[in-house]
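Letters go in sequence order (proteins before strands), and every chain restarts at 1. Values below: every heavy atom of this structure, side chains too, minus hydrogens, waters and symmetry copies.
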Amino acid sequence: MILKMGFPSVMLCPYNINIKYQEKKMSQPIRVRFAPSPTGHLHIGGARTALFNYLFAKKQGGTFILRLEDTDVERSTEASVQMILSDMKWLGLTWDEGPEVGGEYGPYRQSGRSAIYESKIMQLVEAGKAYFCFCTPEEVEVHRLAAAEKGEQLKYAGTCRTLSLEAAKARAAQGEPYAIRFKAPQEGETIIQDLIRGRVVFDNTILDDFVIVRTTGVPTYNFAVVIDDAAMKITHIIRGDDHLSNTPKQICLYQALDEPLPEFAHVPMILGPDKTRLSKRHGATSVGAYAEAGYLPEAMINSLALLGWAYDDKTTLFSQAELEAKFTLDKVSKNPAVFDLRKLSWMNGQYIRSIPEPEYIERSIEWLAQTGIIQLPLDDIKQNYVTQVVKIVRDKYKLLSELPEQVEYFFKEPELEKIDEKARNKLESMQENPDLFKALHAKLGMLKSFFVSAQEVALKDFIEEQQVKFGVLAHPLRVCLTGRMQSPGVFEIMEILGQDVVLERLAAGLRLVGINI
RNA sequence: GUCCCCAUCGUCUAGUGGCCUAGGACAUCGCCCUUUCACGGCGAUGACAGGGGUUCAAAUCCCCUUGGGGAUGCCA
């Protein structure tokens, strides 16, 4: 697919876009990267970008690289780095090269790559493709405001563009602070052949002499990203749509550095329900928050994959292996997607019910222990008990966080004094026929076996003898046993709870409504 | 302001000129299953933003308008 992509309009381009790259393409192994800046947690949009990169690499037999873009010294934190790494791992997006695992193109943090940037900067400056700029940010801002006032383009005025290199070096040597700007071409067009969007044309007159090195000596994003992508031999840049407008600047840098151009694929953004960029205003946006809320990584992956990508007109459930086998960039859509929490929840329910049982049990126990419902380690009897409990409620909830509430009454007496009005009424309905429920208590007490099958036989006989409908018995019984109106089947509950507990709870319920046995 | 991107049910999407009186999924509603809740099954409601072209034929191609998003940072 990729190899079939032609570049019909290459002739119109002032630079030989892609020709150099195309030549190499045949022999070059596919390398993609996810390059978050560690200025916060890994959010939904970032995770989706990471996933697409990961899936593309897997499908194409390529290498998936993780690189930390921490050139914003002010905002980058080590805590963010750790959150991002652990969220990536939680999602199962393991990287072939990057922090912790290393690789031959390291280091994989931009803060550790200064030497590489410095040599490239000097190369550009010496070649006259970049220049020292002594304007202060305040001066630049004044120009910008004035331009805005006049309705002109908000570009750098070019004050230092014509400074001779000797003069500039002399001023720098005297300690005058400076930034370095890229001398952007002002004629012609820069064309992006985007794998998702097709041909996108930018007139070079919009190009600003943007800063590539700050006064602090630290390179800016647009510069570092190009140097690193080139140095790391990245072949496909798959990233958010918000970078499309930066791409012409970067393409010009590749050309100035005489580096082959990678392919670009700009994926659409993820929006909140109000169609604006997804942000904290819309609720949880971090992957970690979803993990804590009881979502399964499998469901997150599946959901994220479907945000801007579809395989066909019917399939919605994909295992990670299936995604790795089926993902292609040509099926990525161009329009932004609203993140739908309800669909994620539905999908999570699907995964709760479909992951292999031992794994389901293991994760449930982990969750219950974490929330203090049970204490680890479990002995065989308890292990068996908890296993039965989590299995019986499996199709009743969607998030692991709902599990403790679902199974609470299996681990402590229901507080019948505190139940809601409906349940209370159901409990009091037993007063209409006290003898019936006394007889039920006796019947359950006489059972030799407490398995569901034995109960069924016994209770069937019982309702026939007593001439009542099963519901008359079952509902109040359920309230006695669980303190609530909804639960799994009463037989199943009774089998797990055991005869003694069942008799105690039934007696307690009866006592509460004034029926003594 | 300028530049760029985008536009199919409420939401995610299928659709690449005739297979479309537009298909699927979530959500919503109804029915069935049923000891309750859920699960599951069946069904219903519901969309090509608007206007011009091109064509025998347009959701699909072109133009305009409108709407949304992004960029315009010594953030990424």
Side-chain angles (χ1 to χ4, degrees), chain A residues 35-39 46 69-72 74-76 133 135-137 140-141 144 147-155 177-181 192 194 196-197 200-203 205-208 210-222 224-225 239-249 266 268-269 271 273-277 303 306-317 331 333-347 349 353 393-398 406 426 459 469-475 477-479 482 484-491:
Chain A
S37 67
T39 54
E69 309 224 316
D70 55 353
T71 54
D72 186 342
E74 302 283 301
R75 296 196 300 146
S76 298
C133 174
C135 300
T136 63
V140 173
E141 186 58 21
R144 186 187 310 283
E149 197 92 347
K150 283 185 268 178
E152 289 169 3
Q153 265 199 80
L154 310 180
K155 285 166 66 168
Y178 62 90
I180 293 175
R181 287 181 184 272
I192 304 169
D194 193 278
I196 292 168
R197 270 144 227 285
V200 182
V201 183
F202 290 86
D203 195 310
T205 53
I206 62 151
L207 254 24
D208 197 6
F210 55 98
V211 171
I212 57 175
V213 182
R214 300 174 172 89
T215 309
T216 56
V218 180
T220 58
Y221 162 75
N222 276 310
V225 76
R239 73 212 326 184
D241 216 354
D242 47 339
H243 288 290
L244 189 57
S245 318
N246 289 323
T247 310
K249 292 179 188 175
H266 287 95
M269 309 221 65
L271 274 25
D274 61 354
K275 306 248 186 186
T276 63
R277 195 184 189 132
S303 262
L306 258 21
L307 234 38
W309 178 84
Y311 178 66
D312 57 21
D313 62 343
K314 40 182 71 79
T315 322
T316 49
L317 262 17
K331 285 191 171 284
S333 80
K334 291 193 240 196
N335 39 336
V338 173
F339 181 57
D340 185 7
L341 211 58
R342 291 181 302 185
K343 193 161 187 171
L344 206 212
S345 293
W346 166 79
M347 197 166 280
R353 274 169 255 123
V393 296
R394 191 168 178 177
D395 59 5
K396 300 214 176 295
Y397 69 103
K398 293 191 168 81
Q406 285 287 333
K426 198 51 84 178
L459 269 291
K469 281 191 169 175
F470 183 62
V472 174
L473 251 38
H475 301 308
L477 184 55
R478 166 176 290 114
V479 176
T482 68
R484 54 187 80 178
M485 296 284 287
Q486 298 87 31
S487 77
V490 285
F491 295 132

How would nucleotides 7-17 of chain B be written as a contact map, 5' to 3', with B for base contact, S for sugar-phosphate-only contact and - for no contact, using protein heavy atoms under 4.0 Å?
SS-BSBSSS--

Return the set of residues passing ring pair (Phe, Tyr, Trp, His ring centres under 6.0 Å) with A/Phe491 (not counting sequence neighbours), or none when no residue passes.
A/Phe470

Hey, does the side-chain of A/Arg484 have a donor or acceptor N/O within less than 3.5 Å of a partner on the base of B/rU36?
no

With both distances under 3.5 angstrom, what nucleotide forms a Watson-Crick or G-U wobble pair with B/rU34?
none

Whole-Å distance separating the CZ atom of A/Phe202 from the P atom of B/rU2
16 Å

For A/Arg484, the salt bridge (Lys or Arg N to Asp or Glu O under 4.0 Å) test, sequence neighbours excluded, returns A/Glu405, A/Glu408

Between the protein and nucleotides 40-47 of chain B, list the N/O to N/O atom pairs that are separated by less than 3.5 angstrom.
residue : atom : partner  : partner atom : Å
B/rG40  : OP1  : A/Gln350 : NE2          : 3.2

To the nearest 0.5 Å, tell me how far A/Lys398 NZ sits from A/Arg353 CZ.
7.0 Å

Taking atom C1' in both B/rG17 and B/rG24, what distance in whole Å separates the two?
23 Å

Using a 4.0 Å cut-off on protein heavy atoms (strictly under), produce a 5'-to-3' string for nucleotides 70-76 of chain B with B for base contact, S for backbone-only sugar-phosphate contact, and - for none.
BSSSBBB

Under a 3.5 Å limit for both distances, which nucleotide forms a Watson-Crick or G-U wobble pair with B/rU11, could you say?
B/rA25

Determine yes or no for a side-chain-to-main-chain donor-acceptor pair under 3.5 angstrom, with A/Lys331 supplying the side chain and A/Tyr311 the backbone.
yes

Mind checking what makes side-chain contact (heavy atoms from CB on, under 4.5 Å) contact with A/Lys426, not counting sequence neighbours?
A/Ser429, A/His475, A/Pro476, A/Val479, A/Met485

Can you tell me how far C1' in B/rC9 sits from the matching atom in B/rU45, rounded to whole Å?
10 Å

What pairs with A/Asp70 under salt bridge (Lys or Arg N to Asp or Glu O under 4.0 Å), at least two apart in sequence or on another chain?
none

For atom C1', what is the distance between B/rC48 and B/rC6, given to the nearest Å?
15 Å

Residue mapping more 5' on RNA chain B - nearest nucleotide basis, A/Phe470 or A/Arg197
A/Arg197

If you measure from OG on A/Ser303 to CH2 on A/Trp346, what distance do you get to the nearest 0.5 Å?
8.5 Å

B/rA38 to B/rG30 separation - P atoms, rounded to the nearest Å
12 Å

Check every strand shown and say whether A/Gly489 touches a base, only sugar-phosphate, or nothing at a heavy-atom separation below 4.0 Å.
base

Contacts of type side-chain contact (heavy atoms from CB on, under 4.5 Å), residue A/Glu141, not counting sequence neighbours:
A/Arg144, A/Leu145

My understanding is that only residues two or more places apart in sequence, or in another chain, count here; which of them pass salt bridge (Lys or Arg N to Asp or Glu O under 4.0 Å) with A/Asp274?
A/Arg281

Quickly work out the A/Asp395 CG to B/rA38 P distance and round it to whole Å.
11 Å

Can you tell me how far P in B/rC64 sits from the matching atom in B/rC5, rounded to whole Å?
12 Å

For A/Phe202, I'd like to know if atom CZ has over 12 heavy atoms of other residues, nucleotides or ligands within 6.0 Å.
yes

Strictly distance-based, threshold 3.5 Å: is any side-chain N or O of A/Arg239 a donor or acceptor partner for the main-chain N or O of A/His266?
no

Looking at B/rA57, which nucleotide sits across from it as a Watson-Crick or G-U wobble partner, both distances under 3.5 angstrom, or is there none?
none

Sorted by chain and number, sequence neighbours left out, ring pair (Phe, Tyr, Trp, His ring centres under 6.0 Å) with A/His243 holds for A/Tyr221

Tell me which nucleotide, if any, is Watson-Crick or G-U wobble paired with B/rU2 when both distances must be under 3.5 Å.
B/rA71

Interatomic distance, A/Ile206 CD1 vs B/rC3 C1' [rounded to whole Å]
5 Å

Whole-angstrom distance between B/rU28 and B/rC39, as gauged at atom P:
10 Å

Please state the P separation for the pair B/rC26 and B/rC62 - nearest whole angstrom.
34 Å

Distance check, P atoms only: B/rA25 and B/rG69, in whole angstrom units.
31 Å

Which whole-number value in Å describes the distance from A/Asp194 CG to B/rC6 C1'?
13 Å

Going by the rule salt bridge (Lys or Arg N to Asp or Glu O under 4.0 Å), which residues pair with A/Arg75 if we only count those two or more places apart in sequence or in a different chain?
A/Asp72

Classify the nucleic acid contact of A/Lys426 as base, sugar-phosphate or nothing, counting any heavy atom under 4.0 Å across all strands shown.
nothing

Watson-Crick or G-U wobble partner for B/rC39, using a 3.5 Å limit on both distances?
none

Touch check for A/Val490, heavy atoms < 4.0 angstrom, all strands: base, sugar-phosphate only, or nothing?
base

Applying the Watson-Crick and G-U wobble criteria at under 3.5 Å, what pairs with B/rA47? Answer none if nothing qualifies.
none

List the residues meeting side-chain contact (heavy atoms from CB on, under 4.5 Å) with A/Arg342, not counting sequence neighbours, and say none if there are none.
A/Asp340

Gap between atoms CD and C1', on A/Gln486 and B/rA38 respectively (whole Å):
9 Å

Could you tell me whether A/Thr316 contacts a base, only the sugar-phosphate backbone, or nothing, with contacts defined as non-hydrogen atoms closer than 4.0 Å?
sugar-phosphate

